[in-house]
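Right, one structure below, let's go through it.
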Amino acid sequence: MRILIVEDERAIAELVARGLKEAGYHVEVADSGAEALKRVEAAEHDLLILDLMLPDGSGLELLEKLRLGGTDVPVLILSALGAVDDRVQGLERGADDYLGKPFCFPELLARVRALLRRGQSLAERLQVADLVLDCTRRKATRAGEPIDLAPKEFSVLEFLMRHRGHPMSRTKIVQHVWGTSYDGLTNVVDVYIRLLRSKVDQPWPEKLIRTVRKVGYVIEGEGAPRR
Ligand code: CA
């Protein structure tokens, strides 16, 4: 589990990072909004802990940018602005939880755990048009017909479906599915997409997986709305 802390106050960032590392999480720290955007772009995270007053702007603006960009990573706002207004604004702009400073670390950890659990249990069943993934049983069907997918094929498809409607770069797919940022693997993505298309799209009139030039791949169709 990979957590990104966006916090410019070094003492707080270090305290939170140390505690989360001790709890077994992989932790990164960004000390500005720009740095945070770079890191979100570069790698998949399972949770963002976001300070609201950053040296280069407000955390709320950053959050909005992330959500508009299609990032659906859970976000926990951590801020001295504990007033009800800020809390409401944060939640309205796409945060998942809010903790006011000062806080005690055990409470932060409990909330982090709850958000991570929620993230995992949220989408056990993904659907795009008539293509359905059962992520618990790792089964795929299209129009009710079972599709036989190898584990990595399933993972690539699951990743695209979790971000339906948002093009994903080859690098992001490699990072997520193979857990590496080794660039030599990006061609492998094309191979897997070909395999997936032959199984998931080719037999049906509506094609769901699309190539987005100079970006990567996206899956979309007339399925159930994205949650
Ligand atoms: Ca700050």
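One-based numbering, in listed order, for ligands and for the atoms of each. Sequential numbering from 1 along the given sequence is applied to the chain's residues. Just the heavy atoms: all of them, side chains too, but no hydrogens, waters or symmetry mates, feed the values below.
A salt bridge links R67 to D96: at least one charged side-chain nitrogen sits closer than 4.0 Å to a carboxylate oxygen. Salt bridge D134/R125: absent, no basic N to carboxylate O contact under 4.0 Å.
Not a single donor-acceptor pair under 3.5 Å links the side chain of R170 to the backbone N or O of V189.
At least one N, O or S atom of M53 sits under 3.0 Å from the Ca ion (ligand 1). Taking 3.0 Å as the criterion, E7 does not count as a coordinating residue of the Ca ion (ligand 1), since none of its N, O or S atoms falls below it. Using a cut-off of 3.0 Å, one finds that D8 contributes an N/O/S atom close to the Ca ion (ligand 1).
Shown are F159, Y217, W178; of these, the ring pair (Phe, Tyr, Trp, His ring centres under 6.0 Å) with Y192 is made only by W178.
Atom OD2 is the N, O or S atom of D51 at the shortest distance from the Ca ion (ligand 1).
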